[in-house]
Amino acid sequence: MTEFLSMGGYAGYVWSSYTITFGIMTLLYVHTKRKEGKYLRWLRRHLASLEK
Amino acid sequence: MFKFLYHYSSLRNFYFFSEKLLPFLLITFVCLVTYSIYGALISAPADYQQGDSFRIIYVHVPSAWMSLLIYMVMGLSSVSVLVWKIKLAEITLSAVAPIGAVFTLIALVTGSIWGKPMWGTWWEWDARLTSELVLLFLYLGVIALLNAIDDRRTGARSASILCLIGIVNIPIVHYSVEWWNTLHQGPTVSKFSSPSIHIDMLIPLLTMTVAFMLYCLIISLYRIRTMILVYDKDSQWVKNVITDNREQI
Amino acid sequence: MRNSLEIRNLSVERSNREIIKDLSLSLTEGNLVHLKGANGSGKTTFLRALAGLINPSQGGIFWNESNISENIFFQSILNYVSHNLGLADELTALENLSFLRSISRKTPNKTVEASLDIMNLKNFQDCRIALLSAGQKQRASLAQLLMFNCPLWLLDEPFNSLDAESCGVVESLIDDHMSNGGIAIVASHQKFQSSTAQHVVEL
Amino acid sequence: MSTDTTTWNTLFILVRRDVLKTWRESADLLYPIMFFVLVTILFPFALSPEILVLKSFAGGLLWIATLLAMSISLENLFKTDYSTGALEVIVLSGVPLLLVGLAKAIANWVLSGLPIIILAIPLALSLGIDAFSLSILLLSLTLGSATISLIGTAIGALSVGLRSSGMLVIVLALPFYIPLLIFGAVATSNSQAGVIPEAELYFLAGLLALAVTLTPWATASAIRTRLS
């Protein structure tokens, strides 16, 4: 297992690039979902204000 | 065919069409990405020259391809904004641009990380990395123009003109950077041209690329759907969507 | 053939809001429209949509039964004088107007000097626009109406910053235009006299 | 139809108006020129007064100064016409917008490109460029500055009337100047090495031809978009 983790001596480079890539991708996913939630709440308030 | 395209370019139909599509896309993406990571890190043999640092290719090359693919998608939607004035294309343009910029950034970062073990420097003025950097500025230009204009309609039209100027410039920049690179460093084989890859090294690369494509599609669908709701916020169908949505949560 | 301008349930969007909703209007020769409305009620947007500068989000504008967005020569039959007057500050009134006359595709009418004379700017024609007063600038810009004869006039606040005497001149201009079968849409806060009946449209 | 409205005549009239307009307000003329000289003068302070050092960078250095100097005049290319409404009147006069775009680019080139090329002669000599490579430099600058003006006008038309459009237009335009910079700088450095750089000059001429045919379309639709 440790041999796999060491990545033939390049562990730092390989693991950092993978974490960066998939890290940024998950961040983008989370940001998009949060923004979607924010807009939905804003739309709901907008709708409620229209009905009043 | 055009009838089909026109039918789905109306915002309402697209919204409900993408609603059905998304779960399927998510599942395929998750399976594909786990398989490709397994393939990239474990099953692909280490490169005889670069050893395991070669595995960064599975992340760097797909994201570079995505950055180019997304710019092409933006070019396509720019044409449909200017020529056919399709509202959906205007939304796609502003929804997809940041995703492209993110992937260009990933490609640049992983490219420079990969460069460290190979050349010992964090940044190598290699032809492909430099064109990628210029592509990043094309993206930032389009995003800056989109944010500078408040009116959505003229904003999308101006950004699509800039995007089309960018599309014409991408091959020019690419070949002039190649020319400049070979001129100053001599015609060595470009460090990034992946050597003739062994077959089971190639499979994970292709599956990872498809996985990235699915990811881009999912994220842009989410962003487009949100913008559609905001865009048509006064129309009746959005009100129904919001009210049903309120019951679920 | 009598010219006709038809606006069929036009709606125009401006900075993400629908300013004009479902407006319909049909005009023929000799019709004069007085466009009224509070600030920001879309008067200028409406005139700019009529001039073909803004594409309507719904509906259409038809000049002699042909949609103006397809008719590329539509701009040569209309005279649009907007509230920002369109004269370069660094150039003189004469230079501005003769430049316009030489590049314009509209059918010419009076010469530049004659038009400026009618707007009694004769002795100001060689002075830079920047040095003119607001009223004089307005009159210089309105001289365009004399330089070209176009059946359709779109005037945006032609009377503001004009003194009584110049208002009279402009009113007589509009009357002549109406009498020889023109169509005019005037957006203005002030009332103005006109020989033909004013069809008031409230935005 | 009004007086002789052949395309060339209209183009000439449009260019004459823009040049006359800016000539009257001659302060704007000085900014690109002063900026060009200042940027070029800064380099010897930064690098070293040694002629040999300066000689090897001279071509690239002058090209960068040209790029920057021509970008700062882009902002008020359309700004005054847009704010006074003159652009609207021109559009409504029925003149084809392609001509307006081309005329603006030519006027911008005459007003900021030409003086820069003329000023490049003394500056290049001061940086130790010999006669032969000076001629190549001037040729490449002429081709390059025309393309810069064409692309810059299109980008300037896109961002007219926006907040901080001055900064925006420079940021948007510079990435498109990279191929020009590459071929221009390489042409001069090759000529200093005694080689006649036909390839680079052909590329510059090719880019100019591409810019002349494509950018007026972009400028025309940018003007129409900004006015709507």
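None of these values were measured; they are calculated from a predicted model. Here is the naming used below: chain letters follow the sequence lines, and residue numbers restart at 1 for every chain.
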Checklist line | Ion pair C:D89/D:R24, N-O distance below 4.0 Å | finding: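 D:R24 and C:D89: not salt-bridged.
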
Notebook entry, point to check: Can C:D117 and C:K110 be counted as an ion pair, charged N to O under 4.0 angstrom?
Noted result: no

Item checked: Top contributor to chain C contacts, counting heavy-atom pairs under 4.5 Å, from D:E88, D:E25, D:R224 ->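 With the most close heavy-atom pairs to chain C, the winner is D:E88.
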
Checklist line | Side chain / backbone / both / neither for D:T225 at chain C, heavy atoms under 4.5 Å | finding: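 Neither; nothing under 4.5 Å.
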
Next item on the list: Quick one: which of D:L87, D:T80, D:T22, D:L227 has the most heavy-atom pairs under 4.5 Å with chain C, could you say?
Entry: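 With the most close heavy-atom pairs to chain C, the winner is D:L227.
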
Check: In terms of heavy-atom proximity below 4.5 Å to chain D, should C:S76 be classed as side chain, backbone, both, or neither?
Finding: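 For C:S76, no heavy atom lies under 4.5 Å from chain D.
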
Item checked: D:K79/D:E75 salt bridge by N-O under 4.0 Å criterion -> yes

Checklist line | Note: D:D18-D:K104 ion pair, threshold 4.0 Å (strictly below) | finding: yes

Note to self: Is it the case that the ring center of C:F159 lies less than 6.0 angstrom away from the ring center of C:H189?
What the structure shows: no

Note to self: What part of C:L85 gets within 4.5 angstrom of chain D, counting heavy atoms only: side chain, backbone, both, or neither?
What the structure shows: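 Only the backbone of C:L85 comes within 4.5 Å of chain D.
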
Note to self: Does any backbone or side-chain atom of D:L14 lie under 4.5 Å from a heavy atom of chain C? Answer side chain, backbone, both or neither.
What the structure shows: both

Check: Checking C:L91 against chain D: side chain, backbone, both or neither under 4.5 Å from a heavy atom?
Finding: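 Looking at C:L91, backbone and side chain both touch chain D.
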
